[in-house]
Student: 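One structure is given below, represented as structure tokens, and several questions about it will come after.
Since we're looking at a predicted model, the values are computed, not measured.
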Amino acid sequence: MPDGGEVRAARGTGTVVAARVGLTARGVIYLLVGVLALRVALGGGGGKEADRGGAVEELADKPLGGVLVWAVGIGLVGMALWRLSEAVFGAAGPDGGKARERLFSAVRFVFYCVVAGTVLAFAAGERESGAGSTDERSRDVTTRMLGWPGGQWLVAAAGVAVAVTGVWIVVRAATRAYREDLRTAGTSPAVRRAVDVLGVGGGCSRGIVFAAVGGSAIQAAVAYDPARAKGLDDTLRAFAETPAGPWLLAVVAVGLGMFGLFCFAMARWRNV
């Protein structure tokens, strides 16, 4: 039977593999969402929503699309397992074993289980449930929550939590806090500069989108109107309706694509 050291080594290797394939899969989705959002900004879109479901549909339309969707789904399973490992054993870094960090990892584990399940369902042929619409889901969840006792406050609290998360993501990106998790010391200055451009630009765009999604939930709670709750696609299209017009959406879309590329960098250099 393997001793304790062998078990820890095997678990460590499995965690690294799960994290790397998971980050790569997340990068593919964000990159495709950015491409779809940019199409919308330029007046196209091809009928696909600029969210995870649209990204999966876009991937399925490519040569060997079915294989690619399965690969992304399996990668997201790896992402979930990595977060589960962090919740159970603690994450990398000096603060990884703290209860707060373990709780965050547990929440991420549940989230990626749901995401992986929808993608794998799509790959298995359940096109309606597998792709999904974040707009429809946001409205459905908001409608159910508003029907609960104190539901209006719950929706508002959820919106505030998402909005605050968005601000937190922007701050971490702007201050380059992600550097703590990357092992790029041995790379060239040009590579580190490129990673910083992707990390700051991509992280800020992602955080802005989170904050906007949270803001729409708060509006839905205040107005007691679930139709005001927006998923990713509606949120992105709303940027084009601002005074800045499609140009703002184009900037955000490019930023989301940059975050997808940043995920690839994390898959290479993330300390897991």
Side-chain angles (χ1 to χ4, degrees), residues 26 29-30 32-34 36-41 45 47-58 76 104 107-119 121-122 126-170 203-246 248-253 255-256 259:
R26 185 173 71 163
I29 289 177
Y30 268 100
L32 290 175
V33 169
L36 292 171
L38 187 59
R39 286 183 190 171
V40 173
K48 294 184 176 69
E49 295 188 351
D51 58 11
R52 183 177 62 250
V56 173
E57 290 179 5
E58 180 76 7
L76 291 171
F104 287 160
V107 172
R108 290 166 178 155
F109 164 67
V110 174
F111 172 76
Y112 280 109
C113 281
V114 174
V115 174
T118 61
V119 174
F122 183 94
E126 298 179 21
R127 295 301 172 105
E128 291 298 324
S129 62
S133 167
T134 56
D135 298 327
E136 292 179 4
R137 290 181 182 179
S138 294
R139 288 189 288 269
D140 289 345
V141 170
T142 303
T143 299
R144 288 197 296 271
M145 289 180 68
L146 286 175
W148 297 345
Q152 197 169 9
W153 290 102
L154 291 173
V155 172
V160 170
V162 174
V164 169
T165 298
V167 174
W168 177 75
I169 291 172
V170 170
C204 286
S205 292
R206 180 171 175 251
I208 289 170
V209 171
F210 265 71
V213 171
S216 73
I218 295 172
Q219 292 177 358
V222 172
Y224 206 79
D225 181 7
R228 291 177 180 253
K230 293 182 175 68
L232 180 56
D233 180 69
D234 278 350
T235 298
L236 290 173
R237 292 176 190 271
F239 286 119
E241 298 171 1
T242 64
L248 179 57
L249 174 56
V251 171
V252 174
L256 292 178
F259 185 76

Student: R108: which residues meet the side-chain hydrogen bond (donor to acceptor under 3.5 Å, both in side chains) condition with it, sequence neighbours left out?
Tutor: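 For R108, no residue satisfies side-chain hydrogen bond (donor to acceptor under 3.5 Å, both in side chains) once neighbours in sequence are set aside.
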
Student: Taking only residues two or more places apart in sequence, or in another chain, which ones meet T242 in a side chain to side chain contact (heavy atoms under 4.5 Å, CB included)?
Tutor: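 Checked T242 against side chain to side chain contact (heavy atoms under 4.5 Å, CB included); matches are A244, L248.
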
Student: Check salt bridge (charged side-chain N to carboxylate O under 4.0 Å, His left out) between R228 and all other residues, then give those that pass, not counting sequence neighbours.
Tutor: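 Partners of R228 under the salt bridge (charged side-chain N to carboxylate O under 4.0 Å, His left out) test: D225.
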
Student: Give me the atom names and distance for the closest heavy-atom approach of L32 to A55.
Tutor: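 Heavy-atom minimum between the residues: CD1-O, 3.4 Å.
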
Student: Considering all heavy atoms of both residues, which atom of R52 and which atom of V33 are nearest to each other, and what is their separation?
Tutor: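 For R52 versus V33, the nearest heavy atoms are N-CG2, 4.1 Å.
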
Student: For A240, what residues pass the side chain to side chain contact (heavy atoms under 4.5 Å, CB included) criterion, not counting sequence neighbours?
Tutor: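 In terms of side chain to side chain contact (heavy atoms under 4.5 Å, CB included), with neighbours along the sequence ignored, A240 is linked to L249.
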
Student: Using the side chain to side chain contact (heavy atoms under 4.5 Å, CB included) criterion, which residues pair with V222? Sequence neighbours excluded.
Tutor: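 V222 satisfies side chain to side chain contact (heavy atoms under 4.5 Å, CB included) with I218 once adjacent residues are dropped.
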
Student: Taking the side chain as everything from C-beta on, heavy atoms only, tell me whether L36 gets closer than 4.5 Å to E57.
Tutor: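 The answer is no, as the side chains (C-beta and beyond) never meet within the 4.5 Å cut-off.
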
Student: Please identify each residue that fulfils side chain to side chain contact (heavy atoms under 4.5 Å, CB included) with A211, with sequence neighbours left out.
Tutor: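 Side chain to side chain contact (heavy atoms under 4.5 Å, CB included) list for A211, sorted by chain: empty.
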
Student: What donor-acceptor contacts under 3.5 angstrom involve side-chain atoms of residues 149-165, with partners at least two apart or in another chain?
Tutor:
residue, atom, partner, partner atom, Å
Q152, NE2, A221, O, 2.6
T165, OG1, A161, O, 2.8

Student: Whether R137 and D51 form a salt bridge (side-chain N of Lys/Arg under 4.0 Å from carboxylate O of Asp/Glu) is what I want to check.
Tutor: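 Not counted as a salt bridge, because no side-chain N and carboxylate O are separated by less than 4.0 Å.
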
Student: Which atom names give the shortest non-hydrogen contact between R26 and L76, and what distance separates them?
Tutor: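 Result for this residue pair: N-CD2, 4.4 Å.
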
Student: For V40 versus R237, what's the shortest heavy-atom pair and its separation?
Tutor: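 Residues V40 and R237, closest heavy atoms: CG1-NH1, 3.6 Å.
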
Student: Using every non-hydrogen atom in the two residues, find where A41 and P246 come nearest and quote the distance to one decimal.
Tutor: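 Closest approach of A41 to P246, heavy atoms only: O-CB, 3.3 Å.
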
Student: Residues in ring-ring contact (aromatic ring centres under 6.0 Å, His included) with F239, at least two apart?
Tutor: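 With neighbours one apart ignored, the set is empty.
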
Student: What's the shortest heavy-atom distance between A229 and A220, and which atoms?
Tutor: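 For A229 versus A220, the nearest heavy atoms are N-CB, 3.8 Å.
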
Student: Using the side-chain contact (heavy atoms from CB on, under 4.5 Å) rule, pick out the option among L236, T235, T142 that qualifies with K230.
Tutor: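 Answer to the side-chain contact (heavy atoms from CB on, under 4.5 Å) test with K230 among L236, T235, T142: T235.
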
Student: Enumerate the residue pairs fulfilling side chain to side chain donor-acceptor pair (under 3.5 Å) with a member in residues 207-217, sequence neighbours excluded, ordered by first and then second residue.
Tutor: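 For residues 207-217: none.
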
